[in-house]
Asker: 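Sharing a structure here in structure tokens format.
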Amino acid sequence: MKIHLYLLCYQGEALVASHLEPEAFGAYMATGTQKHTSGNLMFFELDPDVKSDFLKIDAVKAQCQPHPDGSPRRSKYASIYRVLEHLPLTAYRNLHLVTRDGRVLALAPQPYAAPATAAPVHLYTELAPVTPRVVSSLDPQEFVRFITNPANPVNVPRILFADSLIEREADGSLAGYLPYANPAHIVDCIESLGRGKGKITKTVERNPALIAFYRTIGRGFFLGDPTGVVFYPFPSKDDLEDRHHLWWRSASLD
Amino acid sequence: MVAAGVLFVPALARADDGLVEAERLLPGWWWLAPLAGFVALVMAYVFYRSIAAANPGNARMQEIAGYVREGAYAYLRRQYKVVGVVFLVLVGLLSYMAFVLGVQHRLVPFAFLTGGLFSGLAGFIGMKTATLASSRTAQGASESLNRGLTIAFRAGAVMGLTVVGLALIDITAWFLYLYKYHHLVTDGHPMNLETITVVMLCFGMGASTQALFARVGGGIYTKAADVGADLVGKVEAGIPEDDPRNPATIADNVGDNVGDVAGMGADLYESYAGSILATAALGVAAATVSGWDAAKTFAFLSAPMLLAAMGIVLSVFGIFLVRTREDATMKALLAALNRGIYVSSVLIVVGAWFLVQFLAMPVGVFWSITIGVVLGVVIGKGTEWATASEYAPTRFIADQAATGPATVIIGGIAEGMMSTWIPVLAVCLGTLLSFAVMDGFQDLLAGLYGVGIAAVGMLSTLGLTLATDAYGPIADNAGGNAEMSELPKEVRQRTDALDSLGNTTAAIGKGFAIGSAALTALALLASYIEEVRIGIHREAAIEYVAPAAGEAQLVASIGADYNKKWAIFLPGAAMGDREEEQFHTLSAFEGSGENAVRVVTPDGVTVSLIINEIGEKVKERTILAADGASIIPRKASLKDYMTLYDATLMNPKVLVGVFIGVLAVFVFSAMTMKAVGRAAFAMVQEVRRQFKEKPGIMAGTERPDYARCVAISTAGAQREMLLPSILAIALPVVTGLVLNVAGVLGLLVGGLCAGFSVAVFMANSGGAWDNAKKFIEAGHLGGKGSMAHKAAVVGDTVGDPFKDTCGPSLNILIKLMTMVSIVFAGLIVKYAPAIGHWLNLGN
């Protein structure tokens, strides 16, 4: 049986080998395991032939054997620590978003092109290796460079984050449909960036609860390090309701 | 017009009672009533055929619809088995009362059966059509919004027209038989109109009993399935609504039909029939007491039937008015439904004017009908205001969700309580006005007739109103079918729009059902006293003793001295022939006042009596008063009975009865709610079991066992509904036997006042919580999945048994307690004095 490599990356990291195809793997991780995962799940599909000096990939592949009755091995954990940074960026293939009831949406990577008109401020929900929610005046590419710059005291070798929606009403408040737990505080943080003290990022919340997370996704997901950025665009609302209806129904439930 | 009215009633030219020995003729216009009933059934059939001929959709759609249909039939089969046993027991009891104890007319067991049978038949036809229509509505929505609306609405119309058609045919068939043929079949005396209307009233108990099981059982079923599907499916497993992976989803869809189609249909069948029968009985009672001529009596008896007939025709017309453009907004959809209702309501008022003129009735009857029609609209609008998300009450609850579930619950309870003011005040005003325009403060029975005909007016376009209400669950099922069949986006958007409209109409329909139940129950209160009158007369007549030879009459005390009941027996009755004995008996009770007569007993004692009922043969003669004068006696008024039984607020029996009536409402509500909890628990366990034992369900590789969930919810509902049902039937009888008529009146008043208010509160709270949740889901206060949404979901979960189980069941409780009291009045009248005496509670 073919061995797949997956990197679980929703507010944590884990490298897992499995015989299951991505959709089946996602459904299994959300609903099929006794170690019941509560909430959403995300994982990267990796190049099955990727090598790493740090991660014992070959060893875990060797252990990923079918069950005695011939059924596929659904998961064999290789590592749960510092996985994201120790795999080359070229090894990352599709990003899969999994809902609580096991529906899977695959996002294909694309090169990132900054929009012609840059938004003045962004809201980023970091997912791995750290998990704060921050506002920033930097666009995604600039933010990746900033947060992965080893010269900065606060930095990480590689970052995965989502671009989150911050649509505002005429009175400056966040749009009513956005499910953030602390919308007023988000607005305060946004406005603090604009007070001209040279602040380019501000942490909104260190460990946000990620309520109705998939409904807050803006342009998509970004995976980057000093060498580059991989962009996973999130489908438009029309696309979600039309072509990914079943996933979106589950995703917008919570 | 007066001449025309008299002209068509040649056989009733006699001024006293219209009693003739030859075959009785009915005026030509009377036949419009049964004809309209047949028109309703024919149109229901036409609509049914058009729905059956519609495209049922693809294989998956038909498969889903098939599961729901099987589940619905499984529920009905089980329910009818249980109902059958209950009916058997009650028919046995009623037969014992009629044939052995002699406290009931011998036709009542049969009337009871037909009432239940027709009510059950209406529910069955409605469900059959609704389950047929769901996939067809979804398929219609794939062609156009208008097509989807037409199919769903016409399916609802089948329910509506079946209910009104069967009810009117049942009523007119019984009347025809009793008026024209019963005396020929039994070779006895023709029944007078009073007896006819009072016997017919008893079939209302059959309809009420069937409605009780349909509503309570259906309500428990639907909420057990809904809660089970939501708690495990949505909350625990994260499965969205109408997902085929949820084992309880089919049971959930079946529940919509069982509760909101069959249950609502049975509920309103009973209100419709009950209001017509009660009003007819009141009309005859008013005529008898006031001494109206035969033509006027017949007009007052027939007016409710003719009004209902007119309403059927206008309902059919209104149904055809419901259509919309392809690009209709939600507002336009609602306008399409409202157009049908408003146009029919206006036309019924216009028609009522001509009816009143034709039957030469007082103009107060027209005004009462108009008040009833307006009352229905006001109650509907009041419900809409209290529950729709466009208005302040629901917005307030939604806003409370931002601070958590506790404030949502508090807000919903508060708004629900506050919302009772519109329907309660409306019913109060409507009652007073309809009473007053008939000069009720001078003529009590005429005033009560006004209240009764107002209820008939309110329900006159029930065919259309029920169509609007039954449309809701059909649209809901269609939406579920579209989701489970994974139909394209534009189809789902259309079914969502139809479903959303259905939620609004369902809430309004519930408010209308409660309001009509309150008015009907009011009219039935007066009918109860008529049954008491008949009961006293039977009790007296059964002790008939022929006067000695040469004596004109025999004055006899009935039962024990504390009974205060007397009879004046006239010679000529064939001994052992109950009908003859009743005809030759004048029943009375001790009392004084302008109606009292003084007669001499065989012991030479003079007693002052108020005449209860005058046997048919007695009407042809006079009685001998104490002073030797021959007098034509006058029957007791309603107030005389209040005096006889001391039915005043100062009598503790009345107050205790009121408290028991209020208690019944709360205990009944508690029973039904706890029943939902227990039935839902079983469902939750089953869904969890299936998820655990069939891991492929979530992956979509294994099919859940839908039938098992349906079976569990069905069994749970049937088991759980027995105790509340027994309470509703037994309580009026036990109260009556212990506290006599005064206690029963208190019970009925307490039950009506508390039941009406609590039913409104529950329905509106539940509706508002539901719509507050939907308001948030539409993208406010954080939208779906937000903390506010989670809080609102808690409110919605609490509100579901409120609005779908307890609230609707209270309609039935109100009416059933009244109907049971009416049917068992003879038993109470005969045995309560002895029991009261034995318990030292007075008689």
Side-chain angles (χ1 to χ4, degrees), chain A residues 20-21 23-34 36-41 74 98-104 165 167 169 173-184 186 209-216 237-254, chain B residues 230 232-246 395 398-399 401-404 479-480 482-493 496 688 691-692 694-702 773 775-793:
Chain A
L20 299 179
E21 296 293 324
E23 203 165 317
F25 178 73
Y28 165 73
M29 291 304 292
T31 66
T33 170
Q34 294 294 321
H36 190 65
T37 309
S38 179
N40 298 321
L41 194 68
R74 290 173 290 200
V98 188
T99 63
R100 192 153 66 93
D101 64 336
R103 301 281 193 203
V104 182
L165 292 167
E167 185 182 332
E169 305 284 7
S173 61
L174 284 189
Y177 69 88
L178 292 172
Y180 303 123
N182 51 358
I186 294 174
L210 299 189
I211 300 163
F213 175 60
Y214 293 134
R215 281 207 303 112
T216 66
K237 187 89 180 298
D238 285 343
D239 225 12
L240 286 168
E241 283 173 354
D242 214 347
R243 295 174 48 218
H244 308 291
H245 171 67
L246 286 180
W247 182 87
W248 184 232
R249 277 193 90 216
S250 297
S252 41
L253 195 60
D254 58 8
Chain B
D230 285 355
V232 187
K234 267 192 210 164
V235 176
E236 287 184 9
I239 301 178
E241 186 85 22
D242 293 325
D243 191 304
R245 294 173 298 167
N246 191 337
R395 294 281 176 100
D399 288 340
T403 46
E483 278 297 345
M484 284 191 263
S485 306
E486 299 178 33
L487 296 186
K489 176 180 159 185
E490 59 274 11
V491 180
R492 285 183 277 105
Q493 281 176 336
D496 282 349
R688 281 182 185 156
F691 279 144
K692 190 175 174 189
K694 294 185 174 188
I697 287 178
M698 290 299 287
T701 55
E702 270 186 276
K773 182 199 72 173
F775 177 72
I776 293 172
E777 286 176 350
H780 303 95
L781 297 166
K784 263 191 194 174
S786 63
M787 298 306 292
H789 181 242
K790 286 178 170 43
V793 165

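Reminder, nothing fancy here: chain letters follow the sequence lines and each chain counts from 1.
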Asker: Scan A:L246, A:D101, A:T99 and name whichever one has a side chain to side chain contact (heavy atoms under 4.5 Å, CB included) with B:P240.
Answerer: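 Exactly one candidate clears the test, A:D101.
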Asker: Apply side chain to side chain contact (heavy atoms under 4.5 Å, CB included) to the pair A:H245 and B:L487, showing each step before the final yes or no.
Answerer: CA-CA 10 Å; A:H245 171 67; B:L487 296 186; over 6 Å; no
Asker: Rounded to the nearest 0.5 Å, what's the gap from NE2 on B:H789 to OG on A:S252? Could you check?
Answerer: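 So the NE2 of B:H789 and the OG of A:S252 are separated by 9.5 Å.
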Asker: Using modelled atom types only, decide if a donor and an acceptor are shared between the side chain of A:R100 and the backbone of B:V235 within a distance under 3.5 Å.
Answerer: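 Flag set: sc A:R100 to bb B:V235 pair under 3.5 Å.
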Asker: Quick one: CD1 on B:I239 to CZ on A:R103, what's the gap to the nearest 0.5 Å?
Answerer: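 Those atoms lie 8.5 Å apart.
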Asker: When only pairs under 4.5 Å are counted, which of A:P183, A:P179, A:G102 shares the most heavy-atom pairs with chain B?
Answerer: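 Looking at each of A:P183, A:P179, A:G102 in turn, A:P179 comes out on top.
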Asker: Between the side chains of B:E483 and A:R249, is the shortest nitrogen-to-carboxylate-oxygen separation below 4.0 Å, so that they form an ion pair?
Answerer: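 Yes, charged N to carboxylate O under 4.0 Å.
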Asker: Considering only heavy atoms, which portion of B:E241 lies under 4.5 Å from any heavy atom of chain A: side chain, backbone, both, or neither?
Answerer: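 Contact with chain A involves both backbone and side-chain atoms of B:E241.
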Asker: Give the member of B:Q493, B:R492, B:H780 that has the highest number of heavy-atom pairs under 4.5 Å with chain A.
Answerer: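 Ranked by heavy-atom pairs under 4.5 Å with chain A, first place is B:R492.
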Asker: Taking all non-hydrogen atoms of both residues into account, name the closest pair between B:R245 and A:S250 and its distance.
Answerer: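 Minimum heavy-atom contact is NH2-OG, 4.1 Å.
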